[in-house]
Number of protein chains: 2
Amino acid sequence: MDAHRKDTRSSDIPGLCRACEARHRGVCGALSASQLVSLNKISTRKLIGSGAELIGENQETNSYANIISGVVKLTKMMADGRQQIVGLQFAPDFLGRPFRMDSGITADAATDVNVCSFPKAVLERMIKETPELEHKLLEQTLKELDEARDWMLTLGRKTASEKVASFMYLIATHSNPEADPDSARFQLPLTRSDIADFLGLTIETVSRQLTRLRKDNVVHISNNRHVEVPDLSALAERAAL
Amino acid sequence: MDAHRKDTRSSDIPGLCRACEARHRGVCGALSASQLVSLNKISTRKLIGSGAELIGENQETNSYANIISGVVKLTKMMADGRQQIVGLQFAPDFLGRPFRMDSGITADAATDVNVCSFPKAVLERMIKETPELEHKLLEQTLKELDEARDWMLTLGRKTASEKVASFMYLIATHSNPEADPDSARFQLPLTRSDIADFLGLTIETVSRQLTRLRKDNVVHISNNRHVEVPDLSALAERAAL
DNA sequence: CGTTGACTTGATGCATCTCAAATTAGGTGG
DNA sequence: CCACCTAATTTGAGATGCATCAAGTCAACG
């Protein structure tokens, strides 16, 4: 199905890239086979353990990455310790801020995360050569901007129970590989504490609203993390969507 | 000072563009003099009255614009009428969503607004010719994303009084043409109702917090709209910045 | 079996919302 | 300039949703 794209016979594509989502839906889709080869030579796969820091004040500021699997949380923190999760990223999202680095955001692995990492300089050179790459970055950035603004509505104007339902709906629709648009079944990628930081609530309020959703049979939760949503539209209703 | 940029002797630049901020700090900075000329031929200056809709469900979906002066508010609305302002835009920001139009956002003039408007198709053709233009758009989008995420922290984790102080600080720093970094004096571009929608609060709470700031001499307000901030750092303190 | 960390549940307080009324600003016509 | 009108803002009193503080439960693990 990629036959129409110049220079991309699958035999030329590096093995690691062949199965990678980033080549289809992510930024690597803008690259030719030869570019993939040269990028692949210097890129490294890494497994980041849950909780580890990917981008922060201190380390690893001179490389970009694509998420292969797992969930990454972007967090902002105030001087007194209050914090807010300002975004969640899933495969095959691009990780890292082009042409800047000091937006006061840290990126942590919410679950175990596999990334494909490569030096900043190499990608920035490719951007100059391939305008299509910058276009992909613009598209992802616009998508993130839309998501951020959606969430601003949630943070500013929804009640606690709508917020929790909105979160469950977000995760359900993002971890739904099956085509079933009516129901979902997934593992929560975030702890209660993370959920609270994402929703601007406390742990206790999140917990209470979750038990309410459970008692009303909108969701079924086992082992604190495994979730089943029998009827997504009922959940959307609770989320005021 | 533009001498090093190819093709931009000021005599070639259209008169209307010469004084325009968008040519310096906005997207038009990516265009050559000849491109400015051709864009200028088909672009129109418009004065949008305070409160009028610039982009919405209904009208004017096939043109982009640059803000020449004034403030534009981007609003999201829920089915039941609750609404949240998800962004404010000032000169020389670019207005309009490239390659998409359905993000459920409406753009209204918060004050009287002057825009320089041009057809969607023309700009999109120029983007294909001039990668630098797409780079400018990416830069603005990244800036908006940073601002959106900053505001998410405000919405999710700050108290009402911190929120109001944050808003006043935001406006003060955006309408501060004088170089004075310590004090500011400006007209509020938003009504109390707009401020409430921006901060996720009610009108009444905004009003109460403003009178508190006034009583504590952090700000002086006359005629409901004219504001003086004698000490910006005191305001920043209140904003928990 | 005790310990630890994540989560739930309960009781209380407070910040913000809601409802209602008073005050002020801005415009319009006399 | 004044009298009036309307919309915007302020102020007050009371209700409530969420936070806070404090136990209690549960599962994982040594």
Taking 4.0 Å as the cut-off, does a side-chain nitrogen or oxygen of [X] come that near to OP1 or OP2 on [N]?
X         : N       : answer
Ser207(B) : dT9(D)  : no
Thr211(A) : dT9(C)  : yes
Thr205(A) : dA19(D) : yes

Between Arg149(A) and Glu144(A), does any side-chain N to carboxylate O distance fall below 4.0 Å? no
Asp197(B) with Arg82(B): basic N within carboxylate O range, under 4.0 Å: no
Hey, are the side chains of Ile85(A) and Asp194(A) touching, using non-hydrogen atoms and a 4.5 Å cut-off? yes
Residue from Leu47(B), Thr111(B), Val113(B), Asn114(B) passing side-chain contact (heavy atoms from CB on, under 4.5 Å) with Ser69(B): Asn114(B)
Among Leu170(A), Val86(A), Val206(A), Thr75(A), find the residue that satisfies the side-chain contact (heavy atoms from CB on, under 4.5 Å) test when tested with Phe198(A). Leu170(A)
I need the residues from residues 155-163 of chain A with at least one non-hydrogen atom less than 4.0 Å from DNA chain D; give them sorted by number, or say none. Thr159(A), Ala160(A)
Considering only dC7(C), dT9(D), dA11(C), which nucleotide approaches the side chain of Thr191(A) most closely? dC7(C)
Nearest-nucleotide pick for Gln209(B), side chain only, options being dA13(D), dT9(C), dT16(C): dT16(C)
Round to the nearest Å and state the distance from [X] atom [atom1] to [N] atom [atom2].
X         : N       : atom1 : atom2 : answer
Asp194(A) : dG5(C)  : CG    : P     : 17 Å
Arg192(B) : dA25(C) : CZ    : P     : 11 Å
Arg208(A) : dG10(C) : CZ    : C1'   : 7 Å
Ile203(A) : dC26(D) : CD1   : P     : 19 Å
Asp197(B) : dC17(C) : CG    : P     : 12 Å
His226(B) : dT9(D)  : NE2   : P     : 16 Å
Lys215(A) : dT8(C)  : NZ    : P     : 11 Å
Asn224(B) : dG27(C) : CG    : P     : 12 Å

Mutual orientation of the aromatic rings belonging to Tyr64(A) and Phe118(A) [parallel < 30°, tilted 30-60°, perpendicular > 60°]: perpendicular
Please tell me which of Arg225(B) and Glu204(A) maps to the more 5' nucleotide of DNA chain D, matching each residue to the nucleotide holding its nearest heavy atom. Arg225(B)
Checking Asp216(B) side chain against Leu213(B) main chain: does a donor-acceptor pair fall under 3.5 Å? no
Taking Arg45(B) for its side chain and Leu16(B) for its backbone only, find out whether a donor-acceptor pair lies under 3.5 Å. yes
Regarding Arg214(B), tell me which of base, sugar-phosphate or nothing describes its non-hydrogen contacts under 4.0 Å with the strands shown. sugar-phosphate
Using a 4.0 Å heavy-atom cut-off, does Leu201(A) contact any base of the nucleic acid, only the sugar-phosphate backbone, or nothing at all? sugar-phosphate
So how far is it from Ile171(B) CD1 to Leu190(B) CG, rounded to the nearest 0.5 Å? 6.0 Å
Over 12 non-hydrogen atoms of neighbours within 6.0 angstrom of CD in Glu237(A): no
Got a list of protein N/O to nucleotides 27-29 of chain D N/O distances below 3.5 Å?
none

